[in-house]
Amino acid sequence: MAAGAASGGSATTDTYREARTWLLLPSWLILAGLSLIPVCLMLIYSFLTKEFRGGVIWDFSLAAYDQFFFDRGLFGDDPAQIEWTYIAIFWRSIWQASAATLLSLAIGFPTAYFIATRPERNRAIWVFLITIPYWVNLLIRTVSMKFLLRDQGPLNDMLIGIGLIDTPIHIVNTNFAVQLGLFYSYLPFMVLPIYAAVERYNFSLSEAAADLYASKFTTLRRILLPAVKPGVVAGCILVFVPSLGSFLAPDLLGGAKNFMIGSLIEEQFKGNAGNWPFGAAASMILLTIVLILLLIFARQQARAEKEAH
Amino acid sequence: MKTLFRTTALASLLSAMASAGSADGKVVVYHWFEYMPQELIEKFTAETGIEVVMDTYDSNESMLASLKAGGIGTYDVSVPGDYMVKIMAQEGLLDTIADGELANKGNIEAQWLDVAFDPNRQHSIPYQWGSTSFSVSRDAYDGDINTTDILFNPPAELSGKINVLDSQGEVMALASLHLGIPQCSTDRDQLKALNAMLDSAKGHWASFNSDTAKEVLVSGDAAAGMIFNGFSAKAREEGANVEYAYPTQGYIAWMDNVVLLKEAPNRDNALKFMDFLLEPENIAVLTNWTQYSAGISGVTPLLDEALAVLPEANPPATAGPAAFIEVCDEQTQAVYDQIWTNVKK
């Protein structure tokens, strides 16, 4: 393999052309084995009949999708109406993930800009500092966050201590706590791509804009942002998608009072319900929504690039 | 691909040889995490020469899922809760213990011998039992706590500060006791009432948490919380000023049991393991460690004195009946699943 790669390197720009198939094979096997096959299995399971207490019966059925979209009452024999329960759960999750993404963007963009404008020898240290908290397991970070935020926690003690408030602010077990948790979990995914984009940005463009009497805000809006947009979009996707399926933050910080997409799906497999086809169907619907959102992003990106040329 | 198959075949051959080689010297136990003291495992090995190999799980449902997904034939025994024994028997996952196979079967206390979840103990023996209700912080509320109103229709002091277990079976069972209806009701008016009652009760609840049921009471995040009795005792030991309630409407009883699994690879050793756990002196070691209760006669004199007077383990005279979680049929369960979804939607 190594010999083939070395001898094929001279003629074309693709140094490893001859050995490409072999070199890529492990990646392809892993990709197919670990992501394509499970997704296909999920798709198949979502169209099977559920077995009581977990498992599937190999009979084709649309029951899982029917359950998702149609409400037949508590006993399943009322006339079918639109089922809002699961749509509401999806909507809540999308809303939470969006809020966390905006929060990450609001904090992450200035952070990335700050790092990218430091002297070159210091930037690595700043990036390193951003990643330090992420050496600790996500579960532990989320639990620690709860300890910080709770009614008798250090945050409230401090605010009361400096006389800003009299009674503790109730944060734990609210939606805001979930958003904070998601924001904290995924912030580096926002900072790092934006940092990479801003670092490549040619700052003489901003100087040129200033020379042409553009205000600082106009320079940001018309010159910097369009130039670093791919980094921003990548950051937003990297925060939004994992936030959407997350169940640690909603469970620990939000008190698990309301299902999120992640916990709804988990309950179908590990909980009392044991409805594997429904869990698979909910996963497929989530996957479809994410794919559609990504396609819209990609299209807008392509259109914007066309207009730019 | 060919290599892949060859490797797999080799691996399974090797593992087959490995298990054949040591089959007479071990018992494979599928157990809850941290539910058996090392001291007791060592005592068993010292007495019988049988090595204990242990795998652990964290819920009845995940144990069932893993056995259904191919774990049968790997393990000799596991330790399901009461209702799960019945489910596992229905699913055909349990082997039958014939009369006379367990020398110490006579040590099982009479009340735990012919139990509804395993009539005549055909598949199981008692491991530990206890109760589930709720505890209330005496710093937050000093009224009467021995009523399920604390959870489902709470006084103003507790409203919005209640943690409930994130577990459908336990919440539904206690809610049914509160309303005085059967657990697997098929009566539509009762089910609608249950649905409506839980819907309004939820407004008073702060969180659904099982793993941190004890911590939220110790930290003061919750002023009242659903909890197991042994857990509540531990919360009190850790400094929480909490009192465990035995509601007059009734409370949930549970019993964990050692079951003999179908196709147990070391069946004889599994039976020796069960006989070992039926000896009062052994189960006393376990009970002193877990702070729950044993179902074996002759254990009481061997228990720590503190355990005998532990308020969490000794229901007062006013306590209602203890109810085990019942196993509903598929159609009924579907309605309860729907109610649970309504609670958490």
Side-chain angles (χ1 to χ4, degrees), chain A residues 25 29 33 50-56 63 67 71-77 83-90 92 139 143 146-147 149-153 168 170-174 177 247 250-260 263-264 266-276 278, chain B residues 1 4 58-62 64-69 84 87-88 90-91 160-161 163-164 166-172 186 188 191-192 194-195 202-203 205-212 215-216 219-222 327-345:
Chain A
L25 193 65
L29 278 181
K50 80 158 180 168
E51 193 186 334
F52 191 36
R53 303 189 194 294
V56 286
Q67 184 184 341
D71 176 13
R72 292 169 204 279
L74 200 52
F75 308 103
D77 52 8
E83 171 68 275
W84 292 106
T85 307
Y86 303 112
I87 296 172
I89 290 169
F90 271 55
R92 182 187 304 129
L139 175 69
V143 172
K146 185 176 172 183
F147 277 85
L149 293 178
R150 70 160 175 245
D151 292 4
Q152 289 91 0
H170 189 64
I171 304 175
V172 171
N173 297 334
T174 64
F247 56 80
D251 271 16
L252 286 172
L253 293 169
K257 264 187 296 185
N258 301 106
F259 276 134
M260 301 286 277
S263 41
L264 175 73
E266 191 202 13
E267 175 89 3
Q268 307 309 317
F269 291 95
K270 276 184 73 184
N272 216 312
N275 190 343
W276 292 13
F278 182 70
Chain B
M1 239 13 205
L4 184 73
D58 62 2
S59 80
N60 278 312
E61 282 72 20
S62 65
L64 175 71
S66 110
L67 287 180
K68 279 184 84 171
M84 190 51 71
I87 290 172
M88 288 170 80
Q90 285 172 358
E91 298 270 335
K161 295 174 192 156
N163 178 58
V164 295
D166 196 2
S167 158
Q168 181 184 342
E170 264 122 356
V171 174
M172 290 293 174
T186 49
R188 293 198 164 201
L191 288 165
K192 278 181 193 158
L194 178 67
N195 191 40
K202 189 194 169 182
W205 297 344
S207 55
F208 286 83
N209 258 319
S210 298
D211 307 342
T212 57
E215 278 75 22
V216 290
S219 72
D221 284 351
V327 179
C328 313
D329 62 51
E330 185 170 0
Q331 216 182 346
T332 314
Q333 186 60 43
V335 181
Y336 281 89
D337 287 349
Q338 183 66 49
I339 294 175
W340 183 245
T341 306
N342 289 345
V343 171
K344 293 203 67 181
K345 74 180 176 191

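Naming: A, B, ... by sequence-line order, numbering from 1 per chain.
For B:Gln331, no part lies under 4.5 angstrom from a heavy atom of chain A. In this structure, the portions of B:Leu191 lying under 4.5 Å from any heavy atom of chain A include both its backbone and its side chain. Using a 4.5 Å cut-off between heavy atoms, B:Thr341 contacts chain A through both its backbone and its side chain. Only the side chain of A:Glu267 comes within contact range of chain B, with at least one heavy atom under 4.5 Å from a heavy atom of that chain.
A pairwise comparison of heavy atoms in B:Ser219 and A:Gln152 identifies O-OE1, 4.1 Å as the closest pair.
Rounding to the nearest 0.5 Å gives a distance of 4.5 Å between OG1 of B:Thr212 and NZ of A:Lys146. Summarising the geometry, atom CD1 belonging to B:Ile87 is positioned 3.5 Å from atom CZ belonging to A:Arg53; distances are rounded to the nearest 0.5 Å. Considering CG of A:Leu253 and OG of B:Ser207, their distance stands at 11.5 Å, rounded to 0.5 Å. Between the CG atom of B:Asn342 and the OG1 atom of A:Thr85 there is a distance of 6.0 Å, given to the nearest 0.5 Å. Here the CZ atom belonging to A:Phe259 is positioned 7.0 Å from the CH2 atom belonging to B:Trp340, to the nearest 0.5 angstrom. How far CG of B:Asn163 is from CG of A:Asn173: 8.0 Å, rounded to the nearest 0.5 Å.
Remark: side-chain polar atoms of B:Lys202 are paired, donor with acceptor, to backbone N or O of A:Lys257 under 3.5 angstrom.
A 6.0 Å sphere centred on CZ of A:Phe247 holds no more than 12 heavy atoms belonging to other residues, nucleotides or ligands.
Every ring pair (Phe, Tyr, Trp, His ring centres under 6.0 Å) that A:Phe278 has, sequence neighbours left out, goes to A:Tyr86.
Ranked by heavy-atom pairs shorter than 4.5 Å toward chain A, the options B:Arg188, B:Lys68, B:Lys192 are led by B:Arg188. Most heavy-atom pairs under 4.5 Å with chain A, from the set B:Val216, B:Asp221, B:Val335: that is B:Asp221.
A salt bridge (charged side-chain N to carboxylate O under 4.0 Å, His left out) check over residues 327-345 of chain B, counting only residues at least two apart or in different chains, returns the pairs B:Asp166-B:Lys344.
By the 4.5 Å heavy-atom criterion applied to side chains, A:Asp151 and B:Lys161 are not counted as neighbours. By the 4.5 Å heavy-atom criterion applied to side chains, A:Phe52 and B:Glu91 are not counted as neighbours.
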